[in-house]
Engineer: 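Encoded as structure tokens, here's the structure I'll be asking about.
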Amino acid sequence: MALLTTTIQPQGDVESAAAAVYGHGKTLLRIGNGGAGATGLVEALATDYLSTLPEPRSIAWVCNHSLNTQVALHRGYIDLALTYERDREALAAPEGWSRTAGCVFHDHFCLAGPKSDPANLRGARSVADAFRRLAGQRVLFHSRVDGSATMEKERQLWLSCGLAPWRDEGAAQWYHTSLETPAGALKNADQAGAYLLTDRSTILRQTGLGTISNTTVFLEPTSPDDTLMNSCYALYSPLARGETKEAVEKFLEYLSSARGQGIIASFGAEVCGLPLFAPVAEGFARTKLAGGRPAGQKWTYKTSL
């Protein structure tokens, strides 16, 4: 069957092969996602779900950033997409190849940087104020230019301040770009003493792994409609048939169930001290990162950073 046309175009290569396979036996589902898969949440959900089935099956995780995860769904590389970009999801629906099942969990963008805080972001009154301080003082800032949801959000925030440092040749001295993964970008910024826009789950995951030590959080969401929210929605193809259609429907039921949401609500807390994500009903994470720091592979709060 020929692919339906789409206006959504990939940025970079679109991965079709599984980054990991959980369980044993015939593949039941192929789930596409970037950040949550890298933190281990997709594995935790897949493993728990598979434990409820009467016979051995497996679930594959295909790793792409949010935009390319949508493209992977369009191309038939995956059966279920977990993405973070409402505008592109809205474009896909009328094209007939994607349907949104709703929010499945909440992640959160964070403006993070060195504990020494040379730009004095601790005194910033808003995200816009913080970004203007960074540009005005030309303080080292690391940016991903990989077409990810993080890149899109960061540029949105700069543009809302009337700034576009990626277009300014003179900004190259302080505005550094890379094609790093979320974890790689955070580790590089931590080592360089740079600010960056990242996400809660990546910060806490790397804290638990002991790969960062110099980073703190200055701004994060304080309400469900905060501009820094990074909620994840599930997309699937309405063209799926037979066993795949049934498998998608049942896994979506699991994701929204008390059991599935319970896995999300507690994921990561045993390792780094705080949950990486927030369940749907919570709206946003009520445990805060601002003012804390990594110490002993836990996110801690000390009077002196």
Side-chain angles (χ1 to χ4, degrees), residues 6-20 29-43 45-46 60-93 95 97-110 143-159 166 177-186 196-203 205 221 226-237 248 252 255 264 276-278 280 284:
T6 180
T7 57
I8 298 175
Q9 298 301 309
Q11 291 213 18
D13 296 332
V14 180
E15 186 58 67
S16 60
L29 273 178
R30 300 166 299 166
I31 299 175
N33 178 262
T39 65
L41 178 62
V42 172
E43 178 180 9
L45 290 167
W61 165 47
V62 179
C63 181
N64 286 290
H65 62 64
S66 189
L67 168 60
N68 284 2
T69 292
Q70 276 193 274
V71 176
L73 181 66
H74 174 256
R75 293 181 181 178
Y77 299 162
I78 58 175
D79 307 307
L80 185 66
L82 303 179
T83 70
Y84 308 85
E85 299 178 68
R86 304 289 82 72
D87 53 348
R88 290 195 174 103
E89 290 161 18
L91 286 174
E95 293 177 341
W97 57 270
S98 175
R99 187 166 295 166
T100 301
C103 183
V104 290
F105 63 83
H106 304 291
D107 200 352
H108 314 70
F109 288 117
C110 300
S143 175
R144 288 166 56 203
V145 289
D146 56 354
S148 64
T150 302
M151 184 192 94
E152 293 296 323
K153 172 57 71 171
E154 185 213 304
R155 292 191 172 188
Q156 209 179 82
L157 295 172
W158 282 116
L159 289 170
W166 61 94
T177 61
S178 76
L179 292 170
E180 281 285 355
T181 63
L186 176 59
L196 83 164
L197 187 72
T198 184
D199 57 83
R200 174 189 174 95
S201 61
T202 299
I203 291 172
R205 172 64 171 166
D226 196 293
T227 189
L228 292 176
M229 283 301 298
N230 188 31
S231 299
C232 182
Y233 281 62
L235 315 180
Y236 64 96
S237 171
V248 168
L252 286 171
L255 281 180
I264 291 163
L276 275 62
F277 304 93
V280 174
F284 69 104

Engineer: How far does NE2 of H108 sit from OG of S231, to the nearest 0.5 angstrom?
Structural biologist: 7.0 Å
Engineer: Has the side chain of H65 got a donor or acceptor atom that lies under 3.5 Å from a matching backbone atom of Q11?
Structural biologist: yes
Engineer: Tell me if a side-chain donor or acceptor on H106 pairs with a main-chain N or O of F277 at a distance below 3.5 Å.
Structural biologist: no
Engineer: Please report the closest heavy-atom contact between F109 and M229, naming both atoms and the distance.
Structural biologist: CD1-O, 3.8 Å
Engineer: Determine whether E43 and W61 make a side-chain contact, defined as any pair of heavy atoms from C-beta on separated by less than 4.5 Å.
Structural biologist: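 No, too far: nothing below the 4.5 Å cut-off.
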Engineer: Can L235 and T69 be said to form a side chain to side chain contact (heavy atoms under 4.5 Å, CB included), step by step?
Structural biologist: CA-CA 10 Å; L235 315 180; T69 292; over 6 Å; no
Engineer: Does some side-chain heavy atom of I8 sit less than 4.5 Å from a side-chain heavy atom of H74?
Structural biologist: no
Engineer: When you measure from the side chain of N64 to the backbone N and O of E15, does any donor-acceptor pair fall under 3.5 Å?
Structural biologist: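 The answer is yes, because a donor-acceptor pair under 3.5 Å joins these two groups.
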Engineer: Between atom CG of L91 and atom CG of D87, what is the distance when rounded to the nearest 0.5 Å?
Structural biologist: 6.5 Å
Engineer: To the nearest 0.5 Å, how far apart are OG1 in T177 and CD in E154?
Structural biologist: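 It comes to 10.0 Å.
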Engineer: Going by side chain to side chain donor-acceptor pair (under 3.5 Å), name the residues that satisfy it together with T198, two or more places apart in sequence or in a different chain.
Structural biologist: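 Checked T198 against side chain to side chain donor-acceptor pair (under 3.5 Å); zero matches.
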Engineer: If we only count heavy atoms from C-beta on, is the L252 to Y236 side-chain gap below 4.5 Å?
Structural biologist: yes
Engineer: Rounded to the nearest 0.5 Å, what separation is found between the CG atom of L196 and the OG1 atom of T150?
Structural biologist: 9.0 Å
Engineer: Would you give me the side-chain donor-acceptor pairs under 3.5 Å for residues 77-85, sequence neighbours excluded?
Structural biologist:
| unit_1 | atom_1 | unit_2 | atom_2 | d |
| --- | --- | --- | --- | --- |
| D79 | OD1 | R30 | NH2 | 2.8 |
| D79 | OD2 | R30 | N | 2.9 |
| D79 | OD2 | R30 | NE | 3.2 |
| T83 | OG1 | E89 | OE2 | 2.6 |
| Y84 | OH | N33 | ND2 | 3.2 |
| E85 | OE1 | R88 | NH1 | 2.3 |
| E85 | OE2 | S66 | OG | 3.3 |
| E85 | OE2 | L67 | N | 3.1 |

Engineer: Using a 4.5 Å cut-off on heavy atoms from C-beta on, say whether the side chain of V62 contacts that of I31.
Structural biologist: no
Engineer: Please find the pair of heavy atoms, one from D107 and one from L276, that lie closest to each other, and give the distance.
Structural biologist: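 So the minimum-distance heavy-atom pair works out to OD1-O, 4.1 Å.
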Engineer: Run the side chain to side chain donor-acceptor pair (under 3.5 Å) test against E95 and tell me which residues pass, sequence neighbours left out.
Structural biologist: T6, T7, W97
Engineer: Using the test side chain to side chain donor-acceptor pair (under 3.5 Å), find all partners of Q156 that sit at least two apart in sequence or belong to another chain.
Structural biologist: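 Once residues adjacent in sequence are excluded, the partners of Q156 under the side chain to side chain donor-acceptor pair (under 3.5 Å) criterion are K153.
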Engineer: So do the side chains of D146 and M151 get within less than 4.5 Å of each other, counting heavy atoms only?
Structural biologist: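 Answer yes - side chains close enough.
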Engineer: Ignoring hydrogens, what is the shortest heavy-atom contact between R144 and P182? Give both atom names and the distance.
Structural biologist: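 Taking every non-hydrogen atom into account, NH1-CG, 3.5 Å.
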Engineer: Taking side chain to side chain donor-acceptor pair (under 3.5 Å) as the test, write out the residues that go with T181, two or more places apart.
Structural biologist: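 For T181, no residue satisfies side chain to side chain donor-acceptor pair (under 3.5 Å) once neighbours in sequence are set aside.
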Engineer: Roughly how far, to the nearest 0.5 Å, is CD of Q9 from CG of N68?
Structural biologist: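 The CD atom of Q9 is 10.5 Å from CG of N68, to the nearest 0.5 Å.
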Engineer: Just list the side-chain donor-acceptor pairs under 3.5 Å for residues 98-105, sequence neighbours left out, or say none.
Structural biologist:
none

Engineer: Just wondering, do C110 and I203 contact through their side chains at under 4.5 Å, heavy atoms?
Structural biologist: yes
Engineer: Check whether R205 reaches the backbone of G40 with its side chain - one donor and one acceptor, N or O, closer than 3.5 Å.
Structural biologist: no
